[in-house]
J.: 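First the structure, which I've put down as structure tokens, then a few questions once you've had a look.
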Number of protein chains: 2
Amino acid sequence: MDRELAILERLRAGGSRITVARRALVEALLVGETHKTADDLAEQVHAAHPSVHRSTIYRILDALEQAGVVEHVHFGHGRAVYHLLEDRHLHLVCDDCGVVVEMPEAAISELAARVEGDHGFVIDSRHFALPGRCRACAAVHQSST
Amino acid sequence: MDRELAILERLRAGGSRITVARRALVEALLVGETHKTADDLAEQVHAAHPSVHRSTIYRILDALEQAGVVEHVHFGHGRAVYHLLEDRHLHLVCDDCGVVVEMPEAAISELAARVEGDHGFVIDSRHFALPGRCRACAAVHQSST
DNA sequence: TTCGATGCAAATAGTTTGCATTCTA
DNA sequence: TAGAATGCAAACTATTTGCATCGAA
């Protein structure tokens with residue numbers, strides 16, 4: 001039940017030490033939105049611990065990623081969002097309004113199987129978002145183009 | 001048959017002027033690899049015209065993109081590659097060795113149709129590469145992990 | 001001659017790194 | 001107390017922008 005402790009324990013198991021900054025970042029990951037940029041997380045951590053530096057945020061995120069706790073997904077043009085590994089799913093991001101639609105990982109399995117058969121290529125589709133246009137923006141786009 | 005002239009003409013039609021730099025960049029796009037980073041292109045252009053600035057390369061690429069001549073695809077972690085619109089296809093990039101596998105756009109149509117039906121989301125799959133592992137790296141990865 | 005294109009330098013966004021210091025285990 | 005973690009500043013990558021000048025039509 002205590003997700004925070006479980007995650008910290010997992011870090012400790014990997015030889016890491018538990019610090020205030022790490023505790024705060026894990027807490028930040030556990031509340032609110034499931035997808036947060038490094039910036040979002042830094043802001044949240046700063047609320048309680050203003051002295052935690054941005055570079056530390058990145059280093060902790062890196063440690064968490066190595067420990068298999070989080071993963072990051074690129075949402076186009078440079079910025080990445082981080083989320084807990086438990087929340088595995090594909091991401092669809094709207095190029096126009098930026099809304100993120102989640103869909104089960106299974107949706108891509110058919111394509112993945114075909115690609116693997118044809119090219120031997122194993123798609124890791126979680127690491128990138130599929131871009132496009134959400135329902136609303138697709139409608140607008142169609143009428144204005 | 002003269003692709004270079006055709007492209008330049010297309011630029012001119014949009015109100016643009018034809019300059020040495022533009023001519024050189026279009027030439028660079030037409031030879032060799034079908035996918036090049038802004039850096040690759042800058043290097044090629046510099047070979048003949050060392051004074052052309054990087055920012056100019058970006059501005060020309062932007063103009064070409066607006067004119068519908070090229071498009072850029074993000075290959076993960078910040079860098080983008082440009083290619084002529086005629087060469088439309090999906091990209092699979094290996095996270096390990098960086099090799100790019102191309103596959104017909106049609107391969108994703110089934111997934112795209114399902115997603116559009118379920119979520120109203122219109123995937124623009126050409127704008128991003130699907131990450132994963134190529135046959136060779138997948139084999140290595142499996143045995144070493 | 002006019003307005004688009006360019007060179008330059010500086011700014012930007014997002015992230016990473018070297019190094020001396022601090023703190024956990 | 002050893003070695004991991006941190007703060008800080010500075011570097012980095014890829015790209016963009018303001019501005020004065022240049023050049024194509």
Side-chain angles (χ1 to χ4, degrees), chain A residues 5 7-26 35-43 45-46 48-67 69-82 98 127-129, chain B residues 5 7-26 35-43 45-46 48-67 69-82 98 127-129:
Chain A
L5 284 185
I7 291 175
L8 292 175
E9 206 39 62
R10 197 145 157 194
L11 266 184
R12 201 189 322 256
S16 289
R17 290 170 184 178
I18 309 307
T19 64
V20 182
R22 286 170 176 225
R23 209 182 290 270
L25 182 42
V26 169
H35 299 80
K36 297 182 179 164
T37 62
D39 221 62
D40 294 336
L41 292 166
E43 216 170 282
V45 170
H46 279 175
H49 308 275
S51 69
V52 174
H53 200 270
R54 269 225 164 54
S55 63
T56 300
I57 300 289
Y58 283 107
R59 279 192 273 229
I60 297 176
L61 284 171
D62 205 52
L64 287 173
E65 200 145 12
Q66 298 227 341
V69 174
V70 303
E71 71 181 357
H72 71 280
V73 178
H74 294 275
F75 274 18
H77 306 252
R79 42 128 132 255
V81 295
Y82 294 80
H127 192 55
F128 266 79
Chain B
L5 284 185
I7 290 174
L8 292 175
E9 206 40 61
R10 197 146 156 190
L11 266 185
R12 202 191 319 259
S16 289
R17 289 170 185 178
I18 310 306
T19 65
V20 182
R22 284 168 179 229
R23 211 181 290 270
L25 182 42
V26 169
H35 299 81
K36 297 182 179 164
T37 62
D39 220 62
D40 295 336
L41 292 165
E43 216 169 282
V45 170
H46 280 174
H49 308 274
S51 67
V52 173
H53 200 270
R54 269 226 163 56
S55 62
T56 301
I57 300 288
Y58 283 107
R59 280 192 272 229
I60 297 177
L61 284 171
D62 204 53
L64 287 173
E65 200 146 11
Q66 298 228 338
V69 174
V70 303
E71 70 181 358
H72 71 279
V73 178
H74 294 275
F75 274 19
H77 305 253
R79 44 130 132 257
V81 295
Y82 294 79
H127 193 56
F128 265 79

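Proteins get letters first, then strands, A, B, ... in listed order; numbering begins at 1 in each. On a predicted model such as this, the values are computed, not experimentally measured, just so you know.
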J.: Should the side chain of B:Arg22 and the base of C:dG4 be counted as holding a donor-acceptor pair, with the cut-off at 3.5 Å?
T.: no
J.: Between D:dT16, D:dT6, C:dT16, which nucleotide gets closest to the side-chain atoms of B:Tyr58?
T.: D:dT16
J.: Can you measure A:His49 atom NE2 to C:dT22 atom C1' for me and round it to whole angstrom units?
T.: 16 Å
J.: Donor-acceptor pair, distance only, cut-off 3.5 Å: does the side chain of A:Glu65 make one with the backbone of A:His72?
T.: yes
J.: What's the shortest heavy-atom distance between A:Ile18 and A:Leu8, and which atoms?
T.: CD1-O, 3.5 Å
J.: For A:Val20 and B:Ala21, take the nucleotide of DNA chain C holding the closest heavy atom to each; which residue's nucleotide lies nearer the 5' end?
T.: B:Ala21
J.: On DNA chain D, does the nearest nucleotide to B:Ser16 precede the nearest nucleotide to B:His53 from the 5' side, or the other way round? Give the residue.
T.: B:His53
J.: Go through C:dT15, C:dA5, C:dG7 for me and flag the one nearest to the B:Val52 side chain.
T.: C:dG7
J.: Using only heavy-atom distances, decide whether a donor-acceptor pair under 3.5 angstrom links the side-chain of B:Arg59 to the base of C:dG4.
T.: no
J.: Would you kindly give the CD1-to-C1' distance between A:Ile18 and D:dA5, to the nearest whole Å?
T.: 11 Å
J.: When we call it a touch if two heavy atoms are under 4.0 Å apart, what does A:Ser51 touch: a base, just sugar-phosphate, or nothing?
T.: sugar-phosphate
J.: Rounded to the nearest Å, what distance is computed from the CZ atom of residue B:Arg54 to the P atom of nucleotide D:dT17?
T.: 18 Å
J.: Within this structure, what is the CD-to-C1' distance between B:Glu43 and D:dT13, rounded to whole angstrom?
T.: 16 Å
J.: Among C:dT15, C:dT6, D:dG7, find the nucleotide with the atom closest to the side chain of A:Ala80.
T.: C:dT15
J.: Can you tell me how far P of D:dA14 sits from NZ of B:Lys36, to the nearest Å?
T.: 18 Å
J.: Is a donor-acceptor contact shorter than 3.5 angstrom present between the side chain of A:Arg17 and the base of D:dG3?
T.: yes
J.: I want to check something: taking the side chain as every heavy atom from C-beta on, are B:Lys36 and B:Val81 in contact at a cut-off of under 4.5 Å?
T.: no
J.: Provide, to the nearest angstrom, the distance between the CG atom belonging to A:Leu25 and the P atom belonging to D:dA5.
T.: 13 Å
J.: For B:Thr37, which contact category applies under a 4.0 Å heavy-atom criterion: base, sugar-phosphate, or nothing?
T.: nothing
J.: Is there a donor-acceptor pair under 3.5 Å between the side chain of A:Asp62 and the backbone N or O of A:Arg59?
T.: no
J.: Name the residue closer to the 5' end of DNA chain D, choosing between B:Thr19 and B:Asp62 according to the nucleotide with the nearest heavy atom.
T.: B:Asp62
J.: So B:Leu11 and B:Val69, do their side chains get closer than 4.5 Å, heavy atoms only?
T.: no
J.: For A:Arg12 and C:dT24, give me the distance from atom CZ to atom C1', rounded to whole Å.
T.: 10 Å
J.: Whole angstroms only, please: what is the CG-C1' distance between B:Leu11 and D:dA25?
T.: 15 Å
